[in-house]
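Counting convention: from 1, in listed order, for ligands and their atoms alike.
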Amino acid sequence: MKDIAVSDVRNFVLMGHTASGKTTLADALLYKMGVNDRLGSVDQGSSLGDYTDEEKARKTTIYAKSFCGLYKSSDGHNMDIVFCDTPGYADFFGQVIQASRIAGAALITVDAHAGIQVGTAKAWKQADALELPRTIVVTGLDRENSPFEKVMADIRAMWGARCIPVVIPLPDGSGVMDVLGCSNPPGSVSGLIKDAKNALVEMAAETDDTLIEKYLGGQSLTPVEISDGLRHAVFERKLVPVFACAAIKNVGVAELLDGIARFFPSPTDRPMKDAEGKPIDPSPKAPFVGFVWRTVNDPFIGHMSFVYVCGGTLKSDMEVLNVNKDQKERIVQFVALNGKKQLPIAEAEAGDIVAISKLKNTVLGDALCQSGARATFEPFHFPNPVMWYAVLAKTQGDEDKIGTALHRLAEDDPTIRLDRNVDTHETILSGMGDTHLAVAVERMRKRNGVDVTLSTPKIPYRETITGRGDGHYKHKKQSGGRGQYGEVYLKVEPLPEGDSEWFKDAIVGGVIPHNFVPAVHKGVLEGMTRGALAGFPVVNIKSIVYDGSYHDVDSSEIAFKIAGGRAFRDAMTKAKPVLLEPIMSVKITIPEQFMGDVNGDMSHRRGRIVGMEVVENMQVITADIPQAELFTYCAELRSMTGGRGTFEMSFARYDIVPGSVAQKVMAATEKVKEEE
Ligand SMILES: Nc1nc2c(ncn2[C@@H]2O[C@H](COP(=O)(O)OP(=O)(O)OP(=O)(O)O)[C@@H](O)[C@H]2O)c(=O)[nH]1
Ligand SMILES: [Mg+2]
C-alpha cells in the first residue's frame with residue numbers, strides 16, 4: 001500500500017473558457033508541489049501541460065492531461081493531489097467530457113478581466129451534468145483592470161449566493177488573505193473579509209442541526225466544526241468556494257492548494273459509480289477496478305491507455321479482465337504522468353491516474369477489473385460533429401494509410417469521425433471545428449507521414465416525384481442475327497406512406513411474359529439509382545408496370561431490362577420530379593445581443609426557425625437548415641458572435657430543394673458531367 005490514505009487523495013478537473021489560465025495554474029500548482037523545479041510557461045513553450053508540437057504552436061491546450069503531486073497541507077497532512085487540465089477551446093470539448101468523468105470535483109477558472117465567458121458557462125453545465133462539487137478560481141489578478149469585487153458580483157448574479165469567496169486579494173495584487181484563517185486583515189479589505197467569513201460560518205452551521213442551534217444560540221463554532229461543515233456543503237453543492245490567484249506571479253497558489261485539501265472530496269467521500277450507479281469500493285484492499293478515460297494511438301509513443309483507478313490496488317504484472325470485451329489483459333507496467341513527464345510507480349490506488357502501454361484489446365470507455373470485481377461504466381456521450389470535409393489523399397496510393405491513421409485518431413477522439421458517403425462516394429472527415437480538423441490533419445502529416453486535402457463535401461441530393469407520370473419504351477434492335485425486343489408501359493406515383501411495395505407487376509394476359517418481369521424490375525431499380533433530373537438516387541416512388549409486348553424469338557432479359565429502365569426514366573420526367581436535400585435540425589445558443597445578426601443570417605441560409613427559448617441567460621434558437629448551407633456555419637457563427645455562439649445539429653429529414661437553387665445544382669452537375 002502507498003503511504004497516503006485514499007481519504008487524503010484529492011482528484012479534480014480544471015475547466016473553463018479558453019485562455020482563462022488553466023494550464024498556467026496547473027504549472028503553478030506543480031511548481032508549488034515541487035513536481036517541477038521551475039515555473040513552466042505556456043507562452044515560452046516550457047509548460048508541463050501544453051507540451052505537444054500542436055499545442056506549443058497554438059499556445060493552447062488541445063489534449064486533456066493528468067498531473068499528480070504531493071502536498072503537505074497547512075495542518076501538516078500529506079496529501080496526494082491528482083488533477084487533469086483540459087482545453088477551453090470549443091473544438092476540443094470532447095476532451096473535457098472525458099476528463100470530467102473521472103474527477104471528484106471541478107475547479108472552474110474565470111479570468112478576472114474577461115469575466116464569465118461561454119466556455120465558463122459550458123464548464124459549469126458539464127459540472128452540473130456530472131453533479132460535481134466545485135470551486136471557482138478567479139485568475140489573472142495581476143492584470144490591470146481586474147477588480148475582484150466586480151467578478152465576484154457577476155459570479156453571484158450568475159450562480160447565486162452559494163458562491164462565497166474564501167480568499168480576498170490584497171488591492172495591490174501582491175497576495176491573498178485567507179478569509180477564515182486571517183485574524184488581522186488590513187483595513188482596506190477587512191469589510192470584505194468580515195462579510196465572507198460570516199457567510200461561510202452561517203453556511204457551515206446550516207449543514208447540521210446541532211450546529212445551527214449552537215450558531216443561533218450565539219455560540220461560536222470551532223474551526224473543525226466550520227471546516228467539516230463547509231466541506232460537507234461543498235460535497236452537497238450548496239457551497240461554491242471562490243479563490244483568486246495570479247498564477248504567473250505565484251500569488252494565491254498555496255492558498256488554493258490548501259483549499260483543495262480542505263474542501264474537495266476524496267475518492268472515499270465520492271467513489272466512482274459503475275454503469276448501474278453503484279459506487280465502486282475505493283479501498284486499497286478491494287479488487288482493482290480501472291476506467292479507461294483516454295487512449296492515445298500514436299506511432300511515436302505507441303498505444304497508451306490512460307486509466308483512472310476507481311478502487312483496489314494496481315500492481316505491475318497484474319492480470320485484469322477487460323469487462324467490456326470479456327478479454328484478459330496483462331498490465332506489465334504503468335507510469336504516473338505529469339504531462340510529458342513519466343514517473344514509474346509501483347502501485348496505484350483510488351484517485352490515481354496511470355498510463356498503461358500495449359493493452360491490445362482495450363479502447364476508450366472500457367473497464368478493467370481484477371478478479372472479484374466486475375464493473376462497466378456508462379458510455380461517454382459525445383456531441384455530433386459540426387464541421388465536415390471530404391478528404392482526399394494528396395499522393396495517390398496513400399488512401400489505405402490515411403484510412404488507418406484517421407480511424408486511429410477517431411478511436412482516441414470520438415468527436416472526430418470518418419465516414420464513407422455511399423451516395424457521393426466521398427470519404428468524409430468531420431469534427432468540432434476548423435482547428436480540430438486542422439490539428440487532425442497536421443498530426444497525420446507529422447506522425448503518419450501522409451498528407452491530405454480537405455474540400456467541401458458533395459451534398460447527397462436525392463430525387464423524387466410530386467405527381468404521376470406515364471412512361472413507355474420499346475427496345476428494338478435488328479442487327480444481323482438475333483435481334484432484341486422488349487416493350488414496357490409503366491406508371492409512377494409517389495410511394496404512399498407505409499407502403500413498401502415500390503414495384504408492382506400489374507401485367508394481365510401475359511403481354512410481358514412472367515419470366516421477363518424480374519428483368520423489368522431490375523431495369524427500374526437501375527433507373528432509380530440515377531434519377532432523371534440530375535442523376536441522384538430516386539426515393540419514395542412507386543412503379544406500376546401495366547402493359548408491354550414481346551417477341552417470341554428476339555425478346556430477352558437484357559432487352560426488357562433496358563426497356564424497364566428507359567420507361568421509368570420517361571415516366572419520372574413527366575411526374576413533376578424534384579430534387580431533395582438533407583435538412584438538419586440545428587440548435588444554436590447565443591447571447592441575446594446577437595439575435596438580430598444570427599436570425600438575419602438564417603434567412604440567407606434558407607433556414608426556418610422552429611423555436612426560441614431562453615436557457616441560463618442564453619438565447620436558444622432551434623431551426624431547420626439545409627445541410628448545404630451549414631458546411632461553414634461553425635466558423636461563421638463564431639465570427640458573428642465573437643466566439644460566444646455555439647450550435648449542435650442532427651439530421652432531420654429530406655426536403656424539396658426550391659426551384660432556383662435546384663437549377664443551380666443541376667447546372668453544376670451538368671458541368672461536372674461534361675468535364676468528365
Ligand atoms: N498576467 C497574467 N497572465 C496570465 C495568468 N494566467 C495565465 N495568463 C496568461 O494567459 C494566457 C492563457 O493562459 P493559459 O494558461 O494558456 O490558459 P488556458 O485556460 O489553459 O487556455 P486553453 O488551454 O486555451 O483553454 C497565457 O498567455 C498566460 O500567460 C495570470 O495569472 N496573470
Ligand atoms: Mg490550457
Protein heavy atom at shortest distance from [atom]:
{"atom": "atom 18 (P) of ligand 1", "result": "K22 N, 3.5 Å"}
{"atom": "atom 29 (O) of ligand 1", "result": "D43 OD2, 2.4 Å"}
{"atom": "atom 17 (O) of ligand 1", "result": "G21 N, 3.1 Å"}
{"atom": "atom 21 (O) of ligand 1", "result": "A19 N, 2.8 Å"}

Please determine whether T86 has a backbone or side-chain N, O or S atom lying under 2.8 Å from the Mg ion (ligand 2). no
Any N/O/S atom, backbone or side chain, of T60 lying under 2.8 Å from the Mg ion (ligand 2)?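 False for T60.
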Ligand 1 N/O within reach of [X] N/O, cut-off under 3.5 Å:
{"X": "P87", "value": "no"}
{"X": "D85", "value": "no"}
{"X": "T60", "value": "yes"}
{"X": "T61", "value": "yes"}

For G16 and ligand 1, answer yes if some heavy atom of the residue is under 4.0 Å from a ligand atom, otherwise no.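 The answer is no, since G16 has no heavy atom less than 4.0 Å from ligand 1.
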Out of curiosity, is D142 lining ligand 1, as in a heavy atom under 4.0 Å away?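 Contact present.
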Go through the side-chain N and O atoms of [X] and [Y] and say whether any donor and acceptor fall under 3.5 Å apart.
{"X": "S639", "Y": "E636", "value": "no"}
{"X": "S73", "Y": "D258", "value": "no"}
{"X": "D434", "Y": "Y389", "value": "yes"}
{"X": "S266", "Y": "D269", "value": "yes"}
{"X": "R417", "Y": "N384", "value": "yes"}

Side-chain ([X]) to main-chain ([Y]) donor-acceptor, under 3.5 angstrom:
{"X": "T24", "Y": "G21", "value": "no"}
{"X": "Q619", "Y": "P591", "value": "no"}
{"X": "S100", "Y": "I97", "value": "yes"}

Would the number of heavy atoms belonging to other residues, nucleotides or ligands and lying under 6.0 Å from NZ of K446 be above 12? yes
When rounded to the nearest 0.5 angstrom, what is the spacing between CZ in R262 and OG in S227?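 If I round to the nearest 0.5 Å, the distance is 7.5 Å.
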Counting from 1, what ligand 1 atoms have a heavy atom of [X] closer than 4.0 Å?
{"X": "A247", "value": "31 (O)"}
{"X": "A246", "value": "31 (O)"}
{"X": "H17", "value": "19 (O)"}

Of the side chain and backbone of [X], name the one, both, or neither that has a heavy atom under 4.0 Å from an atom of ligand 1.
{"X": "T24", "result": "both"}
{"X": "V42", "result": "side chain"}
{"X": "R143", "result": "side chain"}

Could you label the plane-to-plane angle of the F631 and W388 rings as parallel, tilted or perpendicular, counting under 30° as parallel and over 60° as perpendicular?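 Aromatic pair F631/W388 classed perpendicular.
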Which of these, L14, L141, T23, has its nearest heavy atom closest to atom 20 (O) of ligand 1? T23
Taking the six-membered ring of F306 as reference, does the NZ or CZ atom of R294 fall below 6.0 Å from its centre and within a 45° cone about the axis?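 Ring-cation test returns yes.
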